[in-house]
Amino acid sequence: MAYNFDKIYINGHWCDSTSGRFIEVENPATLEHFAQVPEGNEKDIDAAVKAAHEAFKSWSNTELAVRVGLMKKMLTIFEGYQDKIIDLEVKELGAPVSFSVQSHCVYQYTRTQSYIDCAMQLPLEEHLQASTVYREPIGVVACITPWNYPLGQVVQKVIPAILMGNTVVLKPSQHTPLTAYLLIDAFDQAGFPAGVINMVTGKGSAVGDALASHPLVDMVSFTGSTKVGSKLSQRALESIKRISLELGGKSPFIWLPGSDYEKAVGKLFDSIFLNSGQTCTAFSRLLVAEEDKKTVEALLLKHIPDYIVGDPSDPKTKIGPVSSKAQFEKITAYLKLGLEEGAKLLTGEIPTDFSHGYYIKPAIFTDVKNSMRIAREEIFGPVLCLITYKTIEEAIAIANDTPYGLNAAVFGNKQKAIEVAKQIKAGNVYINDAPRDVTAPFGGYKQSGIGREGGFAGLLEFTQPKAIFDRSSF
Ligand code: NAD
């Protein structure tokens, strides 16, 4: 049977939730409720986890080559869904089509292919002095994902977990659950054994919690806010489940004094404004030398008009609405807070009306102190904080003065920038215009998370080492 947004997916079948209830999915550009998905419950989770537990017995013993073969087949089917994926991200997230094509769709194919390639090269057996270490799958993995990259966050977990021989119960965000249906459908059509992948949609407080505490779940892989991640982990750790957390950020971008700033603006704005600033890795704090503040402010103002806000289905639009009323209200509150804290709005405004969509213009606060809440807390919207520094040492200290440590960037002389990068406490640091590397480990220091996604590290995350002391004398 083909996918149907009214169903959940358990043990190789699209079926009804036992709740009989549904959650509406809203288009943030039109405020239209255009789809609904089941509001799953504990009973559904129990059925899905049991199916995954049963399937693990044979899937974990299935040859890697067979798993890889099925995953390649799945990817080919999934690639056929490109137009549908883009259309759904425009509707469920409000992501502009110009951004959706690459970031929400094609890059997810690249990621999947990369995991397939890495899985085939990954050494799963290591010979030590007097033992052999085998990397074995963990078991049933609960994958809980956020709304901001609806497909990306799912791909980052489900693909490596299954390639490594685990089975999965996925709970996508209730706000943007729809593209996950296309992925599950591709798994279904590719012929994965029943129970290897299962999906229950629903609210975090009910479904997410049931997953974190289910005795047959062996690992919880969570992406979302630090607050929920912390709570969820405590629940999961009551039964010592493996945990992996990809959490929030407040990432700094240091512009070294006297650099060619014009060349850095695109990287900065694409990070903090695209996806309406709803990106965990967004460079939300710009650190510039005190003497260059005026020059930089003028430069930022010059480029702001390039970031057109509007209808996400219009190819010219760069910034669509924010994803929901809750996001709209949260970001608006931070814009007000910034002014109360004494920062100055260089550009942007406090939105008052959302009757035509949850639109918020890109905003830049200047005269920001790193001690202000707008500089310390994750706003998760198109809001940039400009902070000045007197010396490079002070810039590094400000960059590191945050509870987070997910991402950072340094712009300027390459050698100097690398020296600075080494002193930043974050899982990823970009130098100048360097592109990202899909095979590099991705994940946070400090309150940005535990564990890594991407490449070999992302695959190993879903394995556990077993040492067999095999140098016996007979
Ligand atoms: P969230 O923490 O509110 O929700 C994430 C997921 O957890 C959702 O599926 C939600 O339904 C579920 N959930 C919510 N409450 C729960 C509970 N009590 N028990 C179990 N599950 C629960 O996050 P969000 O608002 O969906 O996403 C935004 C956050 O995600 C931001 O903080 C962002 O930085 C972070 N994020 C991090 C990364 C990363 O890779 N580090 C990537 C994307 C987003």
Side-chain angles (χ1 to χ4, degrees), residues 23 25 37 39-42 45 92-93 103-104 108 111 142-157 169-177 180 199-214 217 220-236 238 241 243-251 271-272 275-284 322-331 377-381 402-407 426-428 436 440-454 457-458 461:
I23 300 172
V25 183
V37 295
E39 184 178 340
N41 60 17
E42 241 177 277
I45 288 295
E92 69 174 356
L93 181 64
S103 295
H104 288 295
Q108 307 318 324
R111 268 183 173 149
C143 299
I144 302 175
T145 56
W147 49 262
N148 65 328
Y149 284 84
L151 195 52
Q153 305 308 332
V154 170
V155 162
Q156 284 283 61
K157 300 182 183 311
V169 179
L170 167 67
K171 191 212 92 63
S173 170
Q174 64 271 35
H175 303 296
T176 56
M199 178 173 75
V200 180
T201 48
K203 291 186 179 160
S205 46
V207 182
D209 208 45
L211 272 172
S213 51
H214 197 292
V217 168
V220 177
S221 178
F222 172 85
T223 298
S225 62
T226 297
K227 196 172 154 202
V228 172
S230 163
K231 264 197 188 157
L232 193 72
S233 310
Q234 289 169 37
R235 199 73 204 265
E238 281 169 17
K241 301 187 193 311
I243 51 168
S244 150
L245 303 171
E246 295 289 346
L247 308 175
K250 194 74 191 178
S251 301
S271 168
I272 185 63
N275 217 39
S276 296
Q278 303 164 132
T279 302
C280 53
T281 51
F283 301 129
S284 47
V322 300
S323 74
S324 63
K325 182 160 176 267
Q327 273 298 104
F328 181 88
E329 286 171 347
K330 179 181 167 203
I331 298 161
E377 297 172 15
E378 191 183 44
I379 298 174
F380 223 52
T402 167
Y404 296 110
L406 188 58
N407 195 24
N428 286 177
R436 66 175 158 183
F442 171 81
Y445 279 28
K446 302 191 273 181
Q447 289 184 29
S448 287
I450 297 174
R452 292 292 180 269
E453 294 183 335
E461 195 72 26

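Everything numeric in this text was worked out from a predicted model, so none of it was measured. Whatever order the structure lists them in is the order used to number ligands and atoms, beginning at 1.
Across all their heavy atoms, Glu42 and Ala210 have their closest contact at CG-CB, 3.5 Å. Between Gly277 and Ala282, the closest heavy-atom pair is O-CB, 4.4 Å. Contact detail for Gly427 and Tyr445: the closest heavy-atom pair is N-CD1, 3.6 Å.
The distance criterion of under 3.5 Å between nitrogen or oxygen atoms is met by Trp147 with respect to ligand 1. Residue-to-ligand polar distances place Lys171 within reach of ligand 1: an N/O pair is separated by less than 3.5 Å. The shortest N or O to N or O distance between Gln174 and ligand 1 is below 3.5 Å. Polar contact check, Glu453 against ligand 1: no nitrogen or oxygen pair lies under 3.5 Å apart. Distances between N or O atoms of Pro146 and those of ligand 1 include no value under 3.5 Å. When only interatomic distances are considered, the shortest N/O to N/O separation between Thr223 and ligand 1 does not fall below 3.5 Å.
Side chain of Ser276 to main chain of Gln278: no donor-acceptor pair is present (N/O by atom type, distance under 3.5 Å, no hydrogens or angles). Side chain of Thr201 to main chain of Val37: no donor-acceptor pair is present (N/O by atom type, distance under 3.5 Å, no hydrogens or angles).
For the pairing with Asp209, the side-chain hydrogen bond (donor to acceptor under 3.5 Å, both in side chains) check across His214, Lys231, Arg235 returns one residue only, Arg235.
Proximity of Lys250 to Ile379: side-chain heavy atoms (C-beta onward) are separated by under 4.5 Å at one or more points. With contacts defined as side-chain heavy-atom distances shorter than 4.5 Å, the pair His104/Tyr149 qualifies. Within the 4.5 Å cutoff, the side chain of Phe442 has heavy atoms near those of the Asn428 side chain. With a 4.5 Å cut-off on side-chain heavy atoms, Gln156 and Thr145 do not count as touching. Between Leu93 and Pro150, some side-chain heavy-atom pair lies under the 4.5 Å cut-off.
Looking at atom 28 (C) of ligand 1, its nearest protein heavy atom turns out to be Phe380 CE2, 3.6 Å. The shortest contact between atom 7 (O) of ligand 1 and any protein heavy atom is with Phe222 CE1, 3.2 Å. Given atom 18 (N) of ligand 1, the protein heavy atom at minimum distance is Ser205 CA, 4.0 Å. In terms of protein heavy-atom proximity, atom 35 (C) of ligand 1 is closest to Gly224 O, 3.2 Å. Closest to atom 8 (C) of ligand 1, if we only count protein heavy atoms, is Thr145 O, 3.2 Å. The nearest protein atom to atom 22 (C) of ligand 1, hydrogens excluded, is given as Gly204 CA, 3.3 Å; this is a heavy-atom distance. The single protein non-hydrogen atom nearest to atom 15 (N) of ligand 1 is Val228 CG1, 3.6 Å, given as residue, atom name and distance.
The distance from ligand 1 to the heavy atoms of Ile144 drops below 4.0 Å at these ligand atoms: 6 (C), 7 (O), 9 (O), 12 (C). The distance from ligand 1 to the heavy atoms of Leu406 drops below 4.0 Å at these ligand atoms: 41 (N). Taking a cut-off of under 4.0 Å to the non-hydrogen atoms of Asp209, the atoms of ligand 1 that pass are 19 (N), 20 (C).
Atom OG of Ser448 sits about 9.0 Å away from atom CG of Asn407, to the nearest 0.5 Å. For the atom pair NZ of Lys203 and NZ of Lys171, the computed distance is 10.5 Å after rounding to the nearest 0.5 Å. Residue Leu170 holds its CG atom at 10.0 Å from NZ of Lys157, rounded to the nearest 0.5 Å.
With a heavy-atom cut-off of 4.0 Å, Phe442 touches ligand 1 through its side chain alone. When heavy-atom distances to ligand 1 are checked against a 4.0 Å cut-off, Glu378 comes that close only through its side chain, counted from C-beta outward. Residue-level proximity to ligand 1 for Gln153 is carried by the side chain, the only part with a heavy atom below 4.0 angstrom.
Checking Ala282, Ala206, Ala326, Ser225 against atom 23 (O) of ligand 1, the nearest heavy atom belongs to Ser225. The residue among Leu247, Asn148, Thr281 with a heavy atom at the shortest distance from atom 43 (C) of ligand 1 is Asn148. Comparing heavy-atom distances from atom 39 (C) of ligand 1 across Ser251, Gly152, Cys280 singles out Cys280 as nearest.
Distance remark: protein heavy atom present below 4.0 angstrom from atom 32 (O) of ligand 1.
Taking 4.0 Å as the cut-off, Ser173 counts as a neighbour of ligand 1 on heavy-atom distance.
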